[in-house]
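Reviewing the structure listed below.
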Amino acid sequence: PEFFTCPQNVALLDLSSSNNLETMKPEVFLFQSGYLSIKECSGEDVILGYPNREVEESMARAYVSQMVEGKTFTAIGVPSIKNVLAGGIPADAVSAFNTIFCSIPYDRYPVTSESACRMAIQMLLTGAGMYSDLEKHNAYGRSDLEFDAGNFHWVMEFKYAREGDNPDTLLAEADAIYCMTLSHLAALCNAFPQYAAKCRLIGMREIPDPYGGDLDRYRRTARAIAAA
């Protein structure tokens, strides 16, 4: 799931090679089968991606089916994920996603990071015909995932907690809780209103979230945090 929407970089020579299926790279096989196309060429390397949305949806459904071992969502106790999200009730969405994740064999497809969780959900959405934006920046910071379902616009933030971590206990023990952006602050206060009095921006103004940026962006963020 972590690589579902990631452009694939392969050597141009590999695309024209006549390797047998046992030694051929998966990306090359998908290209030769028409499921990936060349999006960019740089010297001896090319970047592959899905040629259109129909293929992307088809691949998403195939991956999801593989992850839940061929079961349908109805079989694992989840109605149409599109209809659930169109209802606009967060608790129903959480329940549906949890049911799906519990049906994925952890030994084969471990979800052990925020990015893995985000990509898995994006793959589920794509397979259901809903397209999402990753790491969308706005005046209030950056959201992890945004998409439309029915008359509702969903904005998701992902935080990965280790087993045994209790966020309520950690927040209760904290003397103060600092956030870099207003969107982080609002999300935290909405999720844990009992600790809103402890929550505040780390400085006089927002510090942009560097997630997904280059090393220089992270260094600028570190300097800004140190100076706050």
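None of these values were measured; they are calculated from a predicted model. When reading the values below, keep in mind they use all heavy atoms of this one structure, side chains included, and skip hydrogens, waters and symmetry mates.
A heavy-atom distance below 4.5 Å is not found between the side chains of Lys198 and Leu171. Contact of the Arg219 side chain with the Arg223 side chain is registered, since non-hydrogen atoms from C-beta on lie closer than 4.5 Å. Annotation: side chain of Met156 is in contact with side chain of Phe97 (closest heavy-atom distance under 4.5 Å). Looking at heavy atoms from C-beta onward, Phe31 lies out of side-chain contact with Gln8 at the 4.5 angstrom threshold.
At a threshold of 4.5 Å between side-chain heavy atoms, the hydrophobic network of Ile, Leu, Val, Met, Phe, Trp and Tyr places Ile177 and Leu170 in two separate groups.
Judged as a ring pair (Phe, Tyr, Trp, His ring centres under 6.0 Å), and not counting sequence neighbours, Tyr35 has no contacts. Annotation: salt bridge (charged side-chain N to carboxylate O under 4.0 Å, His left out) contacts of Asp107 (sequence neighbours excluded): none. Applying the side-chain contact (heavy atoms from CB on, under 4.5 Å) criterion to Ile225, with sequence neighbours excluded, gives Met180, Ile202, Ile207, Thr221. Checked against side-chain hydrogen bond (donor to acceptor under 3.5 Å, both in side chains), Asp168 has the following partners two or more places apart in sequence or in another chain: Gln194, Tyr195. Applying the side-chain contact (heavy atoms from CB on, under 4.5 Å) test to Cys189 and every residue at least two apart in sequence or in another chain returns Leu185, Ala196, Cys199. Residues meeting the side-chain contact (heavy atoms from CB on, under 4.5 Å) test with Pro208, sequence neighbours left out: none. In this view, Tyr178 satisfies the side-chain hydrogen bond (donor to acceptor under 3.5 Å, both in side chains) rule with no residue, not counting sequence neighbours. Applying the side-chain hydrogen bond (donor to acceptor under 3.5 Å, both in side chains) criterion to Asp148, with sequence neighbours excluded, gives His153.
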After noting the C-alpha distance and the side-chain angles of Tyr131 and Leu125, does the key distance pass the side-chain contact (heavy atoms from CB on, under 4.5 Å) rule? CA-CA 7 Å; Tyr131 288 86; Leu125 296 174; over 6 Å; no
Check the pair Leu85, Phe147 against side-chain contact (heavy atoms from CB on, under 4.5 Å), reporting the backbone distance first and the verdict last. CA-CA 10 Å; Leu85 294 168; Phe147 60 93; 3.7 Å; yes
The test is side-chain contact (heavy atoms from CB on, under 4.5 Å); show your working for His184 and Asp209 and say whether it passes. CA-CA 9 Å; His184 293 165; Asp209 191 335; 3.3 Å; yes
Check step by step if side-chain contact (heavy atoms from CB on, under 4.5 Å) holds for Ile100 and Leu124. CA-CA 9 Å; Ile100 294 171; Leu124 291 169; 4.0 Å; yes
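In terms of heavy atoms, Arg118 sits closest to Asp144 at CD-O, 3.4 Å. The nearest pair of heavy atoms linking Gly129 to Lys82 is O-NZ, 4.2 Å.
Rounded to the nearest 0.5 angstrom, Gln32 CD and Leu15 CG are separated by 7.5 Å. One distance of note links CZ of Arg205 with CG of Leu201; it measures 11.0 Å at 0.5 Å rounding. Atom CG in Leu145 sits 7.0 Å away from atom CD1 in Ile121 (nearest 0.5 Å). A distance of 8.0 Å separates CG in Leu48 from CG in Asn9, rounded to the nearest 0.5 Å. Atom-to-atom distance recorded for Leu36:CG and Phe29:CZ is 11.0 Å, nearest 0.5 angstrom. The distance from atom CE of Met24 to atom CG of Leu30, rounded to the nearest 0.5 Å, is 10.5 Å.
The backbone N or O of Ala91 sits nowhere less than 3.5 Å from a side-chain atom of Ser95 that would complete a donor-acceptor pair.
Annotation for Asn190: atom CG counts as buried by contact number, over 12 foreign heavy atoms lying within 6.0 Å.
Cluster partners of Val94, using a side-chain heavy-atom cutoff of under 4.5 Å among ILVMFWY residues and allowing indirect links: none. Grouping Ile, Leu, Val, Met, Phe, Trp and Tyr by side-chain contacts under 4.5 Å, direct or through others, leaves Leu13 on its own. Side-chain contacts under 4.5 Å among hydrophobic residues (ILVMFWY), followed directly or transitively, place Val155 with no other residue at all.
Between Lys25 and Asp14 a salt bridge is recorded (basic side-chain N to carboxylate O distance below 4.0 Å).
Residue pairs satisfying the salt bridge (Lys or Arg N to Asp or Glu O under 4.0 Å) criterion with at least one member in residues 32-58, sequence neighbours excluded, are listed as follows: Glu57-Arg61.
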